[in-house]
Structures are given as C-alpha cells and as structure tokens.
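Step one of this worksheet: look at the structure below.
Throughout, a chain's letter reflects where its sequence line sits, starting with A, and its residues are numbered from 1.
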Number of protein chains: 2
Amino acid sequence: MNKTRPGTRNRGRPKVRPQALAGQAPAARETPAEKENRIHGAIVDGVMEQRLKPGTKLPEAALCELFGVGRSLVQKVLQRLAHDHIVELRPNRSAIVAMPSREEVGKLFEARRALEEAVLPLVAEHATRADYASLRRQLRKEHAAMHRYAQTEWAGLASAFHLRLGELSRNPMLQRYLSELISRCSLVVALFQPPGNATCEHDEHERVVDCLEKGDVRGARREMDRHLRDLEAHIQLVEEDTNLSLADMLGLAAGP
Amino acid sequence: MNKTRPGTRNRGRPKVRPQALAGQAPAARETPAEKENRIHGAIVDGVMEQRLKPGTKLPEAALCELFGVGRSLVQKVLQRLAHDHIVELRPNRSAIVAMPSREEVGKLFEARRALEEAVLPLVAEHATRADYASLRRQLRKEHAAMHRYAQTEWAGLASAFHLRLGELSRNPMLQRYLSELISRCSLVVALFQPPGNATCEHDEHERVVDCLEKGDVRGARREMDRHLRDLEAHIQLVEEDTNLSLADMLGLAAGP
DNA sequence: TCCGTATTTTTTGTCGACAATTAATGGTTT
DNA sequence: AAACCATTAATTGTCGACAAAAAATACGGA
C-alpha cells in the first residue's frame with residue numbers, strides 16, 4: 001500500500017553526508033538536556049517545514065553522525081518523538097516520520113475540537129483584560145502576515161493563537177495535550193496542503209475572541225468548532241517522494 | 001560487585017534484595033516489548049496499590065537486579081513512566097515516585113473533568129445498545145465489590161468504568177489522554193485516602209449512564225461533573241514514610 | 001557540639017561492542 | 001523472466017564500561 005511505484009528499487013534514498021554537521025557545530029559546553037533538545041528540535045523543525053516527509057527513514061547511525069552523539073541519545077530522542085507521534089517506531093526497523101492515515105486524521109481533528117472546546121470555559125474563567133489585549137495584538141500580527149503572503153510565518157502565528165488559548169486555560173495538563181494535538185494538526189495541514197493553497201481564513205479567530213470577551217462561552221465554542229471544521233475541510237491528501245539527503249532535510253547543510 | 005551482606009548502617013531505607021526476583025522469574029521466551037511491559041507494569045501496579053509511595057527512590061541499578069535486565073531497558077521504562085507522570089526524573093539523581101503537590105492535584109482534577117465531559121458527547125454518538133448493556137454489567141460488578149468491602153477491587157472497577165467510557169468515545173487520542181488522567185487520579189486518590197475510608201459513592205455512575213441512554217448528554221455531563229467533584233472532595237493529604245524493601249513494594253517478594 | 005570542607009561512595013550520562021533481527025543481494029530452478 | 005531459497009549486509013536491541021555528577025561520609029577547626 002505504501003509502494004506507489006513497485007518497479008523502482010533503491011533510488012535516490014536519503015543518505016548521510018558526514019561533513020554536514022560541521023556547519024552546525026554544537027555549542028561550547030552543552031548541558032545534556034540542551035543536547036537532547038537540539039536534536040529533538042532539529043527533527044521537529046524538519047518535519048514541520050516539510051523537509052522531512054512522512055515515511056522518511058531515520059536510521060540511528062545516520063543521526064548519530066549528523067549530530068555527533070552516541071546512539072543512546074538518539075534513541076532517547078526518537079522515543080520522545082514517537083510519544084508525540086512525530087515519528088513511528090517499529091521493532092527492529094528504522095524509525096520513520098509518521099504518516100497518519102486518513103482515518104487517523106479524522107480522529108485527530110475530532111479530538112482537537114473536543115479539547116479545544118473543553119478549554120474555552122477555563123479560558124473565560126481565568127483570562128484578564130490584559131490577556132485579551134495580548135491575544136488581539138497577536139491576531140493583528142497574524143493578519144499582517146497573511147496579507148503579506150508569508151505563508152510559513154502565518155502558519156506559525158495561526159497555531160500560536162491556539163497555543164495561547166491553551167496557556168490561558170491555566171491548566172498545564174490540558175495545555176500539554178492541546179499543544180500535542182495542535183502540533184500534529186499543523187503537521188498534517190502542512191503536509192496535505194500544496195504550497196500557495198493556504199486556507200484563507202477571514203477572521204474566525206477574531207470571532208472566538210469576541211465571544212469570549214463578551215462572556216459568551218457557548219458562542220465561542222460554536223465558532224471554534226466551525227473554524228476547526230473549516231480547517232479540516234481544506235486539507236487534501238497528496239503523497240510524493242523526493243531525493244534530498246537527510247542532512248538537507250534536517251537543515252544541517254554545510255555552510256558556504 | 002554488589003553487597004551481599006545486609007548493610008551495617010541500614011537505616012530502614014528501601015534496599016535491594018537480590019534473591020527477590022527468583023520468585024518472579026521471567027517467562028521462557030520474552031519478546032522485547034513484553035519485557036518492557038513487565039517492568040512497566042510491575043512499577044505501575046506497585047504505585048497503584050500504594051506499595052510504592054511518592055518520593056520512593058528508584059535507582060536504576062536496583063531495578064536492573066530485581067528484573068534481571070540491563071540499564072538501557074530500565075532507563076527506557078523510567079522514561080516512559082516519567083512521561084505518564086508516574087515517576088519524576090531529575091538530572092543526575094535517582095528517579096522517584098511522583099509526588100504531586102496540592103495545586104497540581106487541583107489542576108489534575110480540573111483537567112479530568114474537562115476531558116471526561118468532552119468525551120461524553122462522542123460516547124452518546126457512537127454507543128450502541130450492546131455497549132450500554134456491557135456498561136451496566138460492569139456497574140453491577142462494581143456494586144457487588146463495594147458491598148463486599150473489597151476496596152482495592154472496587155477501586156479498580158470504579159476507574160474501569162471511566163476507562164470504558166473513554167473506549168466508547170472511539171477516539172484513540174482522547175482515550176489515551178483520559179486514561180492518563182484517570183491513572184494519575186487513582187494514584188492520588190489511593191494516596192490520600194487512608195484505607196477503610198473509601199468514598200462510598202451511591203450510584204453516581206449509574207446516573208451518568210441513565211442520562212446517556214436517554215440521549216440527555218447535557219444531563220450526563222452535569223452528573224459526571226458532580227461525581228468528579230465529589231471524588232475530589234473526599235481526598236485528604238497525608239504524608240508518611242515506611243521502611244519496606246523495594247522488592248516488597250514491587251510485589252517481587254521471594255516465593256516459598 | 002556544630003559547621004564547613006575534603007574525600008569516598010553511590011548513581012546517573014554516554015558511549016561503543018556484540019548479538020539478534022530484518023532487509024538486500026545473488027544464484028538456481030522453473 | 002519471475003519466483004524461491006541461501007547468503008550477505010544493514011540496522012536495531014541490549015549490555016557492560018568508563019566518566020561525570022551528586023550524595024554520603026569523614027575530618028578538622030571554631
């Protein structure tokens with residue numbers, strides 16, 4: 001089901017380029033946690049910016065060389081990524097970038113709607129006037145980016161809005177779950193959305209804030225639900241294959 | 001090598017008893033995943049049944065000997081437990097059983113209420129008559145256990161009810177989040193509830209099912225909210241220290 | 001006796017080595 | 001050629017070794 005072209009064998013598969021990490025040398029003294037976050041972040045960024053497409057193999061040895069660390073660390077990071085559903089971890093096989101099925105995507109958005117709505121009452125309960133002001137400021141930036149056609153930036157700001165709502169719930173657990181779902185959603189949105197075909201949401205975010213500020217939680221939930229269904233409706237499935245090197249996908253290409 | 005003789009300066013701290021794992025010998029051929037689950041399960045059980053109290057240190061070396069595995073596996077399991085917030089992982093220190101603060105407990109229950117209510121509409125949407133029947137059957141068992149004063153069994157069945165609702169939502173992500181929150185709640189409930197002082201919930205679970213079956217989602221949510229607030233209200237904070245051995249806490253005491 | 005410091009012991013962080021498993025290759029037969 | 005099986009190569013699973021960090025202990029002076 002995966003192999004769309006049965007005839008082609010091992011063509012331009014992602015290969016390691018050992019000198020790639022020279023450009024991104026690790027900082028002077030790095031704490032263990034920083035090391036781990038550097039690797040984790042590099043992979044997450046690669047996935048989010050579509051350099052690492054779903055199904056790409058991530059062999060431990062390659063990552064070790066690219067980041068200049070041992071396998072223990074790489075394994076720990078992969079473990080973490082697997083828990084966030086960013087990579088898929090199969091026994092005795094290379095880890096691969098997660099490729100959610102259409103059904104999973106449906107469930108994913110369903111879960112996100114449920115959680116995002118569940119968070120709104122808490123936001124309304126805790127948010128101060130200053131919080132709303134900062135939300136509005138953020139929305140202005142978002143609008144600006146959209147009209148500048150700065151797509152990646154806009155995408156980032158758009159999910160930042162939802163993440164901020166998670167913060168404003170003042171509940172660490174719900175916030176964490178929500179961020180997880182939002183990340184996964186941006187992943188599939190980025191994935192299934194050919195560049196240039198951005199969902200041009202008018203001001204659905206604004207409407208949510210309007211309702212919240214009026215104290216109309218019910219209305220806010222309704223708007224949010226609509227907004228998220230809109231988002232889901234605009235994605236479409238495409239699958240392809242490139243032959244970039246793994247180092248390139250990770251943004252670790254050697255400098256000039 | 002390791003000390004084989006009882007410590008001369010043993011102040012009753014949890015210590016390792018190497019022969020303890022003889023009673024719980026690993027099965028003939030164990031797949032890697034099974035191995036991992038065995039360890040994970042043993043610790044989870046230990047925590048859930050209050051043998052492992054919050055703050056108990058879990059040194060890697062001790063766990064290695066107890067379960068007869070290397071440190072890699074133990075580390076992986078600890079990592080996983082940390083992600084579930086069952087243990088706390090501090091850099092360069094032993095992992096300890098998680099000890100949630102009072103505030104965290106509050107937020108925890110808040111999150112659980114939010115999620116548990118968010119799940120109910122989906123349950124109402126997907127559940128068949130057969131599902132409700134099986135729910136009722138489970139409730140009868142629960143009742144029976146309560147009237148038999150089988151506390152641990154009852155506690156297990158009670159959370160099984162909530163877990164079942166998670167299943168019936170037919171949404172893997174929400175189900176996972178909910179299980180996580182439920183586990184943590186049972187942890188603190190078990191923790192803060194002196195044995196014998198069980199919360200005697202009358203039939204709050206039944207009422208939720210009643211509403212669901214009538215299609216009254218709103219009412220179900222109200223009942224669930226009340227039920228969970230009741231539960232939270234009955235816990236109280238106590239902290240103490242025992243001097244059982246780690247092997248005992250893990251239920252790995254030597255056989256006959 | 002109490003407190004701050006030096007030393008020893010315990011414990012984790014990280015790595016490479018070897019075994020086990022899976023994928024890739026090559027050769028043989030139909 | 002295509003399918004099948006044996007062999008080789010690539011990759012993960014698991015472990016113990018060593019170094020670094022923290023804790024526990026021992027020591028010396030006020």
Whole Å only: how far is the [atom1] atom of [X] from the [atom2] atom of [N]?
X: B:Arg90; N: D:dA21; atom1: CZ; atom2: P; value: 17 Å
X: A:Leu58; N: D:dA10; atom1: CG; atom2: P; value: 19 Å
X: B:Ile96; N: C:dT11; atom1: CD1; atom2: P; value: 15 Å
X: B:Arg38; N: D:dT14; atom1: CZ; atom2: P; value: 12 Å
X: B:Phe67; N: D:dC15; atom1: CZ; atom2: C1'; value: 18 Å
X: A:Leu89; N: D:dT11; atom1: CG; atom2: P; value: 16 Å
X: A:Lys76; N: D:dT14; atom1: NZ; atom2: P; value: 17 Å
X: A:Gln75; N: C:dG13; atom1: CD; atom2: P; value: 15 Å

Which nucleotide in the list [options] gets nearest to the side chain of [X]?
X: B:Leu73; options: C:dT22, D:dT14, C:dT11; value: D:dT14
X: B:Pro59; options: D:dC15, C:dC15, C:dT12; value: C:dT12
X: B:Lys35; options: D:dC15, D:dT12, C:dC15; value: D:dC15
X: B:Val69; options: C:dT12, C:dT21, D:dC15; value: D:dC15
X: A:Arg71; options: C:dG13, D:dG13, C:dC15; value: D:dG13
X: A:Arg93; options: C:dT14, C:dT22, D:dC15; value: C:dT22

Quiz item: Nearest nucleotide by nearest heavy atom, which residue falls closer to the 5' end of DNA chain C, A:Pro91 or B:Pro91?
Solution: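 Here B:Pro91 is the residue nearer the 5' end.
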Quiz item: Any ion pair linking B:Lys107 and B:Glu104 (charged N to carboxylate O, less than 4.0 Å)?
Solution: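 Looking at B:Glu104 and B:Lys107, the cut-off is not met.
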Practice problem: Could you tell me whether B:Glu36 and B:Arg80 have a side-chain N and a carboxylate O separated by less than 4.0 Å? | Solution: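 The answer is yes: the pair qualifies as a salt bridge.
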Quiz item: Which heavy atom of B:His40 sits nearest a heavy atom of B:Asp84, and at what distance?
Solution: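 Scanning both residues completely, I find the closest heavy atoms to be NE2-OD2, 3.6 Å.
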Exercise. Over all heavy atoms of both residues, which pair between A:Lys57 and A:Ser94 is shortest? Give the atoms and the distance, please.
Key: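 Taking A:Lys57 first and A:Ser94 second, the nearest heavy atoms are CD-CB, 4.0 Å.
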Self-check item: Residue pair A:Glu180, B:Arg176: steps toward the salt bridge (charged side-chain N to carboxylate O under 4.0 Å, His left out) verdict
Solution: CA-CA 12 Å; A:Glu180 205 176 301; B:Arg176 200 168 61 80; 2.9 Å; yes
Self-check item: A:Ser94 side chain near D:dA10 phosphate (N/O to OP1/OP2, under 4.0 Å)
Solution: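 Indeed not, no polar side-chain atom of A:Ser94 lies that close.
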